[in-house]
*Asks:* 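Following this message is one structure expressed as structure tokens.
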Number of protein chains: 2
Amino acid sequence: MTTPPEPQTSAERQLCGLVNGLAQQIAEHVRERAAALGLTAAQATALREMTGPMTMRELAERMSCEPSNATFVVDKLEKQGLVERCPHPTDRRAKQLLLTAEGAALRDRLLGLLAQDSPLAGLSPQQQSTLQGLLEQAITRS
Amino acid sequence: MTTPPEPQTSAERQLCGLVNGLAQQIAEHVRERAAALGLTAAQATALREMTGPMTMRELAERMSCEPSNATFVVDKLEKQGLVERCPHPTDRRAKQLLLTAEGAALRDRLLGLLAQDSPLAGLSPQQQSTLQGLLEQAITRS
DNA sequence: CTCGGATATTTAGAGCTTGAATGTTTCTAG
DNA sequence: CTAGAAACATTCAAGCTCTAAATATCCGAG
């Protein structure tokens with residue numbers, strides 16, 4: 001009796017594999033577009049999330065990473081003259097990140113590239129909506 | 001005219017965020033269980049995929065990583081006495097990976113832990129099935 | 001058989017990410 | 001007001017992953 005370890009378990013593992021696979025495709029999509037602009041994926045993600053002035057911590061949260069990682073990535077962007085670390089107007093502990101003119105221009109180009117050929121283009125708007133609902137439920141209830 | 005950059009684009013970006021979020025939760029789930037056994041997430045993934053004797057390349061494919069990374073991870077597992085690199089019976093270029101008795105025992109414990117409290121438990125079997133179909137379609141058509 | 005292109009693995013080097021420890025500054029309970 | 005706790009940012013060490021290049025072996029065309 002070699003009961004194949006609970007069918008449900010196996011199905012869930014396969015599903016995890018699919019989620020990871022799609023996440024990797026999305027990451028690859030970003031990586032390609034970033035490379036076209038001379039950026040790494042991490043740098044592109046940071047630039048994408050720079051919707052306006054924000055602190056290091058806010059950027060880290062938007063990037064879903066640790067603040068120490070944001071420090072690392074912003075260092076690179078600053079060396080390229082895309083971002084500036086200014087003193088925060090009301091909190092002397094914090095830095096306020098600002099895009100330079102060059103940074104804002106590159107960000108616009110990046111957003112344009114990222115909008116093309118989305119990895120989710122294989123799904124209809126209705127399917128995307130269904131997917132969104134399922135993902136939200138999976139993330140919340142766990 | 002500051003057209004808010006195409007509503008569809010924005011929805012797709014949000015969806016990408018959700019996919020990444022769920023993937024991170026899955027990874028965190030593995031990381032926790034791995035840590036309980038003194039393994040890193042990468043080591044646990046390798047152990048989980050060792051369903052039987054296989055080459056380095058096969059393992060790398062199952063882990064969705066580069067062969068050079070598999071070398072790195074198997075090095076660690078070998079140092080812990082969980083895996084052995086044996087000469088491949090028919091191809092002298094390749095190594096055949098075998099679990100030691102200790103490795104097989106630890107793998108059993110790992111599989112048990114990973115089966116508990118799946119990050120996808122918030123979805124009904126039917127919802128999981130729907131999700132699987134959508135993910136497969138998204139991955140294939142891109 | 002032998003040469004040349006493919007394949008399996010490893011190594012070296014670099015980038016990304018994390019967690020712990022640190023220095024500053026802010027907030028808050030008393 | 002003031003001490004202690006909490007928050008912001010950074011630095012450092014360690015681990016993961018990738019690419020490119022090196023080595024060894026296989027396989028097929030001639």
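Below, read A as the first sequence line, B as the second, and so on, with proteins coming before strands; counting in each chain starts at 1. What you see below is based on every heavy atom in this structure, not just the backbone, and it leaves out hydrogens, waters and symmetry mates.
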*Asks:* Take atom CG of A/D91 and atom P of D/dA6, then tell me their distance rounded to the nearest Å.
*Replies:* 17 Å
*Asks:* Do A/E28 and A/Q24 have a side chain donor and acceptor closer than 3.5 Å?
*Replies:* no
*Asks:* In whole Å, I'd like the distance from the CD atom of B/E66 to the C1' atom of C/dG15.
*Replies:* 15 Å
*Asks:* When rounded to the nearest 0.5 angstrom, what is the spacing between CD in B/E12 and CD1 in A/I26?
*Replies:* 10.0 Å
*Asks:* Checking A/T100 side chain against A/G81 main chain: does a donor-acceptor pair fall under 3.5 Å?
*Replies:* yes
*Asks:* Less than 4.0 angstrom between a side-chain N/O of A/R92 and OP1 or OP2 of C/dT26, yes or no?
*Replies:* yes
*Asks:* Provide, to the nearest angstrom, the distance between the CZ atom belonging to A/R31 and the P atom belonging to C/dG15.
*Replies:* 14 Å
*Asks:* CG of B/L97 versus P of C/dA8: gap in Å, rounded?
*Replies:* 13 Å
*Asks:* Start at the 5' end of DNA chain C and walk down; is the nucleotide closest to B/E58 or to A/T40 reached first?
*Replies:* B/E58
*Asks:* Can you see if the side chain of A/R57 gets near the phosphate of D/dA7 - specifically, an N or O under 4.0 Å from OP1 or OP2?
*Replies:* no
*Asks:* Would a single hydrophobic cluster contain both A/L111 and A/L99, if residues Ile, Leu, Val, Met, Phe, Trp and Tyr are joined by side-chain heavy-atom contacts under 4.5 Å?
*Replies:* no
*Asks:* Enumerate all atom pairs, one protein N or O and one N or O from nucleotides 10-12 of chain C, separated by less than 3.5 Å.
*Replies:*
from   : atom 1 : to    : atom 2 : distance (Å)
C/dT10 : OP1    : B/R85 : NH1    : 2.8
C/dT10 : OP1    : B/K95 : NZ     : 3.3
C/dT10 : OP2    : B/T71 : OG1    : 2.9
C/dT10 : OP2    : B/R85 : NH1    : 3.1

*Asks:* Taking atom P of D/dC8 as reference, at what distance in whole Å does atom CG of A/L59 sit?
*Replies:* 14 Å
*Asks:* To the nearest Å, how far apart are A/E61 CD and D/dA7 C1'?
*Replies:* 12 Å
*Asks:* When the distance from CZ of B/R93 to P of D/dC27 is rounded to whole Å, what number comes out?
*Replies:* 6 Å
*Asks:* Taking the nucleotide of DNA chain D with the nearest heavy atom to each, does B/C65 or B/T90 sit closer to the 5' end?
*Replies:* B/C65
*Asks:* Given atom CD of A/E78 and atom C1' of D/dT10, what is their separation to the nearest angstrom?
*Replies:* 13 Å
*Asks:* Determine yes or no for a side-chain-to-main-chain donor-acceptor pair under 3.5 angstrom, with B/Q137 supplying the side chain and A/G122 the backbone.
*Replies:* yes
*Asks:* Might you point out which heavy atoms bring B/R107 and B/T51 nearest each other, and give the distance in Å?
*Replies:* NH2-CA, 4.0 Å
*Asks:* Which pairs count as side-chain hydrogen bond (donor to acceptor under 3.5 Å, both in side chains) when at least one residue sits in residues 64-78 of chain A, sequence neighbours excluded?
*Replies:* A/D75-A/R85, A/E78-A/R85
